[in-house]
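Throughout, residue positions are numbered sequentially from 1 according to the sequence presented.
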Amino acid sequence: MIFRPRTLFNAMAILIAVSASSHAAGHITLQDSARHHEVNIGAQLKDSLTVTNLKNAPTHYDNSMSVRFFLDGHFTDKFLFAARVNVNTDYTNREILGHSYNPEEGIPYNKQSDNRRTWDLFAAHASYQLDPVTLLAGFDYLSMGPARRNHVILRGEQNPYRPWQDSSSRLQKPAPTPYFGYRFELGPVEYTQYAAKLFEKKGYNKYVHVHRLNLNLPENISFGLSETALYGETTEHAGTNPNPDADSTYRDFEWAYVIPFIPYVFQEHLQGDRDNISLAFDLSVKTIRHWELYGELLWDDMKSPTSMFDDSWWGNKWAASIGIARDSLRLGPALFGWFTEFTRIEPWVYTHHKGGGYTYAHYNQSLGSNLGPNSEELYTELDAHIGFVDMTLFASMVKKCNNFGSHIRDIHTPDSPTDKHFLKKGWTDEYTEFGGSLKITPWDFISVEAGYSRFFGDYEGYTARAAGSLQW
């Protein structure tokens, strides 16, 4: 339906657009007659209930109601933007801890009672194209690499449920980050660079810089090489970290990291060798139609490439995810997809001996995989799409160690052992998860979904989820 007010807006047409697709929500579109300027506005009401019953823990009931707004569009074909906001109210039978708006406590919320809280979250980004450069800015999630289950480099919004998350009433979710950057595109070569602000402790500076060189090779092969540089101010109390170089009382933004094409590892040496530098590689091979082989490898402070499997030095830290996927397999009316992925994260990965100002974390959540250090997972998933129905079946085997060097806040000191132990016997929890989900979207404006996971092993029990939403 199109409505064109002729007296008030001669140049602007107000279009209320409802998609003809049965799977796209309706929205309001504001645009000029030539469609050089366009803004799309959407909204969603969602209500969900999760029941969690794990061995040696009380049954938890968590109800979450949210109002969500979405906006995207363009002003000319060069300036693109998008934004979204969630306003949430949670009810639970577990006690909700107070929150002092300190990033160490995770995403902030307002405690309304012992069992009720409210919180909100937003994300936004914009880009402006100046061939061959595109300027980037936003307050959003940054992700990198082809992994489908566990990004080990930058996970963005990726947040698989882990049973140990149930030990706290904190919001166990990743948070967006303010950033600016740019992207160069020259033929098969793409270079992207970001500078972002992280939050570790209220009133303390913390920053991360990321750059990535991506090569789009023949036979539908993509290879990426990236670096991250992370630094900040000391967040621990004086005298609690015995490492002699741990004191960085004041760290400001390092503009040298914004210069394009210069390896961070070289820049860091000229700036005093003070920062947390990591190197990463990723590969995606789609040579065979509908198939993908992919992998991500993170080197977090390695002596040399040949020292990856040398456990005699704790600083040989690395993480990897490798996988195989089959997409768009049509069998009758159904469209199937499948992938299997293996992830291994060595001890001490994402940590830093200087403490919280240098850890690979933001709002008390890992920027990489939420498995954390000293862990591994084998995961497989099968999904099917039939008309307005989406179904997923999955299975996972997880091992997570709990000794020193297995948590992102652990600090290696001069008195700590210099070797490392991957999944040390007697300190490792193991569990298997089987589950599935179902989502039904009979019309544009309504969807219903449900899911169930069953756990066996050191985590025994189940979690069941149900949700419904209205969107426009």
**Q** Mind listing the closest non-hydrogen atom pair of Tyr294 and Ile324 along with its distance?
**A**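 Answer, listing the atom of Tyr294 first, then Ile324: CE2-N, 4.0 Å.
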
**Q** If I compare all heavy atoms of Ala123 with all of Asp140, which pair ends up nearest, and what's the gap?
**A**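 Heavy-atom minimum between the residues: CB-OD1, 3.3 Å.
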
**Q** When you compare the side chain of Arg162 with that of Lys400, does any pair of heavy atoms fall below 4.5 Å?
**A**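 Sidechains of Arg162 and Lys400: no contact.
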
**Q** Assess Lys197 against Tyr207: is NZ or CZ under 6.0 Å from the centre of the six-membered ring, and within 45 degrees of the ring's axis?
**A**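 Pair Lys197/Tyr207 counts as cation-pi.
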
**Q** Side chains of His151 and Glu296: any donor to acceptor distance under 3.5 Å?
**A**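 Glu296 vs His151: donor-acceptor pair found between side chains.
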
**Q** In chain order, what residues pass the side-chain hydrogen bond (donor to acceptor under 3.5 Å, both in side chains) check against Ser416, with sequence neighbours excluded?
**A**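 Here the qualifying residues are Thr413.
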
**Q** Using distance alone, with no hydrogens and no angle criterion, decide if Thr441 and Ser447 have a side-chain donor and acceptor under 3.5 Å apart.
**A**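 Distance-only check fails for Thr441 and Ser447.
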
**Q** Any carboxylate oxygen within less than 4.0 angstrom of a Lys/Arg side-chain nitrogen, looking at Glu268 and Arg274?
**A**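 Not counted as a salt bridge, because no side-chain N and carboxylate O are separated by less than 4.0 Å.
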
**Q** Do Arg84 and Asn86 have a side chain donor and acceptor closer than 3.5 Å?
**A**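 The criterion, which ignores hydrogens and geometry beyond distance, is not satisfied for Asn86 and Arg84.
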
**Q** Any side-chain donor paired with an acceptor under 3.5 Å for Glu377 and Asn150?
**A**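 On atom types as modelled, these side chains qualify, holding a pair under 3.5 Å.
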
**Q** Would you say the ring centers of Tyr194 and His211 fall short of 6.0 Å from each other?
**A**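 Centroid separation for Tyr194 and His211: 6.0 Å or greater.
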
**Q** Which residue pairs satisfy the side chain to side chain donor-acceptor pair (under 3.5 Å) criterion with at least one member in residues 64-74, sequence neighbours excluded?
**A**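 Output for this query lists Asn40-Asp72, Ser64-Asp90, Ser66-Arg68.
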
**Q** Once you measure the plane-to-plane angle for Trp255 and Phe253, does it fall in the parallel (<30°), tilted (30-60°) or perpendicular (>60°) bin?
**A**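 Perpendicular, since the angle between the ring planes exceeds 60°.
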
**Q** Can you tell me if Tyr350 and Arg409 form a side-chain donor-acceptor pair at under 3.5 Å?
**A**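 Checked: Tyr350/Arg409 side chains show no N/O donor-acceptor pair below 3.5 Å.
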
**Q** Have Gln471 and Gln44 got a donor and an acceptor in their side chains that come within less than 3.5 Å?
**A**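 Gln44 and Gln471 do have a side-chain donor-acceptor pair below 3.5 Å.
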
**Q** Quick one: side-chain hydrogen bond (donor to acceptor under 3.5 Å, both in side chains) partners of Glu449, sequence neighbours excluded?
**A**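 Checked Glu449 against side-chain hydrogen bond (donor to acceptor under 3.5 Å, both in side chains); zero matches.
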
**Q** Roughly how far, to the nearest 0.5 Å, is CG of Asn403 from CZ of Phe422?
**A**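 Reported to 0.5 Å precision, the distance equals 11.0 Å.
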
**Q** Are Asn243 and Asn241 close enough that a side-chain donor and a side-chain acceptor fall under 3.5 Å?
**A**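 On atom types as modelled, these side chains qualify, holding a pair under 3.5 Å.
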
**Q** With a 4.0 Å cut-off, would you call Lys399 and Asp458 a salt bridge?
**A**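 No, Lys399 and Asp458 are not salt-bridged.
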
**Q** Just by distance, no angles: are the side chains of Gln158 and Ser143 close enough, under 3.5 Å, to form a donor-acceptor pair?
**A**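 Side chains of Gln158 and Ser143: no pair found under 3.5 Å.
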
**Q** What orientation do Phe79 and Phe75 show, parallel under 30°, tilted 30 to 60°, or perpendicular over 60°?
**A**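 Correct class here is tilted.
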
**Q** Name the one of Thr463, Asp166, Thr52 that satisfies side chain to side chain donor-acceptor pair (under 3.5 Å) with Tyr161?
**A**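 Result: among Thr463, Asp166, Thr52, Asp166 is the only option passing the side chain to side chain donor-acceptor pair (under 3.5 Å) with Tyr161.
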
**Q** Run the side-chain hydrogen bond (donor to acceptor under 3.5 Å, both in side chains) test against Gln112 and tell me which residues pass, sequence neighbours left out.
**A**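 Expected list: Thr118.
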
**Q** Applying ring pair (Phe, Tyr, Trp, His ring centres under 6.0 Å) between Trp348 and each of His407, His353, His412, report the one that passes.
**A**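 Only one option passes, and that is His412.
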
**Q** Do the ring centers of Phe69 and Trp472 come within less than 6.0 Å of each other?
**A**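 Between Phe69 and Trp472, the centre distance exceeds or equals 6.0 Å.
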
**Q** Under a 3.5 Å threshold, yes or no: a donor from one side chain and an acceptor from the other, between Ser222 and Ser284?
**A**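 Their side chains do not contain a donor-acceptor pair, so the 3.5 Å distance test is not met.
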
**Q** Can Arg170 and Tyr109 be counted as having a side-chain donor-acceptor contact under 3.5 angstrom?
**A**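 Distance-only check passes for Arg170 and Tyr109.
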
**Q** Under 6.0 Å between the ring centres of Phe336 and Trp338?
**A**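 Centroid separation for Phe336 and Trp338: 6.0 Å or greater.
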
**Q** Just distance, no hydrogens or angles: give the donor-acceptor pairs under 3.5 Å from side chains in residues 431-439, sequence neighbours left out.
**A**
{"from": "Glu433", "atom 1": "OE2", "to": "Ser453", "atom 2": "OG", "distance (Å)": "2.9"}

**Q** Quick one: salt bridge (Lys or Arg N to Asp or Glu O under 4.0 Å) partners of Asp114, sequence neighbours excluded?
**A**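 If we apply the salt bridge (Lys or Arg N to Asp or Glu O under 4.0 Å) test to Asp114, skipping adjacent residues, the hits are Lys111.
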
**Q** Looking at Phe70, I want to see if its CZ is surrounded by more than 12 non-hydrogen atoms of other residues, nucleotides or ligands under 6.0 Å.
**A**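 Yes, enclosed.
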
**Q** For Tyr231 together with His352, are the ring centres under 6.0 Å from each other?
**A**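 No, ring centres 6.0 Å or more apart.
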
**Q** Decide whether a cation-pi geometry holds between Arg344 and Phe342; the criteria are a distance under 6.0 Å from NZ or CZ to the six-membered ring centre and an angle within 45° of the ring axis.
**A**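 Not flagged: Arg344 not positioned over aromatic ring of Phe342.
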
**Q** Does the ring centre of Trp318 sit less than 6.0 Å away from the ring centre of Trp299?
**A**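 No, the ring centres sit 6.0 Å or more apart.
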
**Q** Within a reach of under 6.0 Å around OH of Tyr61, are more than 12 heavy atoms found that belong to other residues, nucleotides or ligands?
**A**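 Not buried by this count: 12 neighbours or fewer within 6.0 Å.
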
**Q** Is it the case that the ring center of Tyr257 lies less than 6.0 angstrom away from the ring center of Tyr264?
**A**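 Yes; Tyr257 has its ring centre under 6.0 Å from that of Tyr264.
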
